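All remarks here apply to the structure that follows.
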Amino acid sequence: MQGVNADSRPATPPATESTAARLAVPAGVLAAVAGAFAYVGTVDPYRPGHYPVCPLYRLTGLYCPGCGGLRSAHSFIHGDLLAALQANALAVVGYLGFAVLWTVWVVRAVRGRPFRLELGSRQLWVLGTLSLVFTVVRNLPFGGWLHP
């Protein structure tokens, strides 16, 4: 066959995907996140017994970086940004970061460009350090304003 080799790709590029096909995965991710937020918005984490207690908090009395995340999401969904920040400020930053990254992903998908989030070691160290500092500060006496 001319133009096709068993070890190579066809000489002509394949037809490009439709916009709907390129948006399928971002739409699925959004549906999953929206479903999770809808559940947390409906089932109040401020009322005991609906969700398990953080194992680290249960065993040590220390707040992990995720402690208060469900309460933060619940408050965020109900439009109470101050309560969301008080429950878990790091989670609120995460929600906003997800919204920005998802929007960039959709715009690139519409334009037919791939979206790749490649974090280098420097970015991973910065994220890890911020998470560690947040965790340490919220567990110190002067960090009581960061307790969930």
Side-chain angles (χ1 to χ4, degrees), residues 8-10 12-148:
S8 68
R9 296 181 180 202
T12 58
T16 58
E17 290 180 296
S18 69
T19 302
R22 291 191 306 264
L23 290 175
V25 174
V29 168
L30 181 62
V33 170
F37 267 80
Y39 182 81
V40 171
T42 304
V43 181
D44 190 356
Y46 286 99
R47 302 178 96 195
H50 292 289
Y51 299 97
V53 176
C54 172
L56 180 68
Y57 182 75
R58 181 181 295 244
L59 293 173
T60 66
L62 297 173
Y63 297 110
C64 77
C67 281
L70 291 173
R71 285 172 277 190
S72 176
H74 182 81
S75 297
F76 190 82
I77 291 164
H78 290 278
D80 191 351
L81 186 59
L82 290 177
L85 286 167
Q86 198 278 326
N88 191 323
L90 191 61
V92 173
V93 171
Y95 309 148
L96 299 175
F98 171 80
V100 168
L101 287 174
W102 186 85
T103 302
V104 170
W105 186 12
V106 167
V107 168
R108 291 187 65 87
V110 166
R111 293 180 178 170
R113 296 180 180 163
F115 176 71
R116 295 180 65 145
L117 180 62
E118 295 180 15
L119 298 176
S121 61
R122 179 176 294 155
Q123 290 88 0
L124 291 174
W125 275 103
V126 167
L127 290 173
T129 302
L130 288 174
S131 180
L132 181 64
V133 168
F134 174 74
T135 303
V136 169
V137 169
R138 78 187 316 205
N139 284 291
L140 293 174
F142 66 85
W145 55 280
L146 291 173
H147 291 177

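Quantities reported herein were computed from a predicted structural model and do not represent experimental measurements.
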Quick one: closest heavy-atom pair of V40 and L70, and the distance? CG1-O, 3.4 Å
Determine all donor-acceptor pairs shorter than 3.5 Å in which one atom belongs to a side chain in residues 124-137; sequence neighbours excluded.
{"from": "T129", "atom 1": "OG1", "to": "W125", "atom 2": "O", "distance (Å)": "2.7"}
{"from": "T135", "atom 1": "OG1", "to": "S131", "atom 2": "O", "distance (Å)": "2.8"}

How many angstroms lie between OG1 in T42 and NE2 in H74, if you round to the nearest 0.5 Å? 9.0 Å
Hey, does R108 have a side-chain heavy atom less than 4.5 Å from the side chain of V104? yes
Residues which pass side-chain contact (heavy atoms from CB on, under 4.5 Å) with A87, listed by chain and number, not counting sequence neighbours: Y46, R71, S72
All N/O donor-acceptor pairs, side-chain side in residues 94-101, below 3.5 Å, sequence neighbours left out:
{"from": "Y95", "atom 1": "OH", "to": "G69", "atom 2": "O", "distance (Å)": "2.9"}
{"from": "Y95", "atom 1": "OH", "to": "A73", "atom 2": "N", "distance (Å)": "3.1"}

Roughly how far, to the nearest 0.5 Å, is CD of Q86 from CG of D80? 10.0 Å
Which atom names give the shortest non-hydrogen contact between V106 and P26, and what distance separates them? CG2-CB, 4.0 Å
For V110 and R22 the tightest heavy-atom approach is O-NH2, 3.1 Å
So W105 and V29, do their side chains get closer than 4.5 Å, heavy atoms only? yes
Pairing residues for A21 by the side-chain contact (heavy atoms from CB on, under 4.5 Å) criterion, not counting sequence neighbours: E17, S18
Can you name the closest pair of heavy atoms from L90 and P65 and give their distance? CD2-CB, 4.2 Å
Name every donor-acceptor pair, under 3.5 Å, that has one atom in a side chain of residues 47-64 and the other anywhere in the protein, sequence neighbours excluded.
{"from": "Y51", "atom 1": "OH", "to": "V43", "atom 2": "O", "distance (Å)": "2.9"}
{"from": "T60", "atom 1": "OG1", "to": "L56", "atom 2": "O", "distance (Å)": "2.6"}
{"from": "T60", "atom 1": "OG1", "to": "L62", "atom 2": "N", "distance (Å)": "3.1"}

Residue pairs passing the salt bridge (Lys or Arg N to Asp or Glu O under 4.0 Å) test with at least one member in residues 112-140, sequence neighbours excluded, are R116-E118
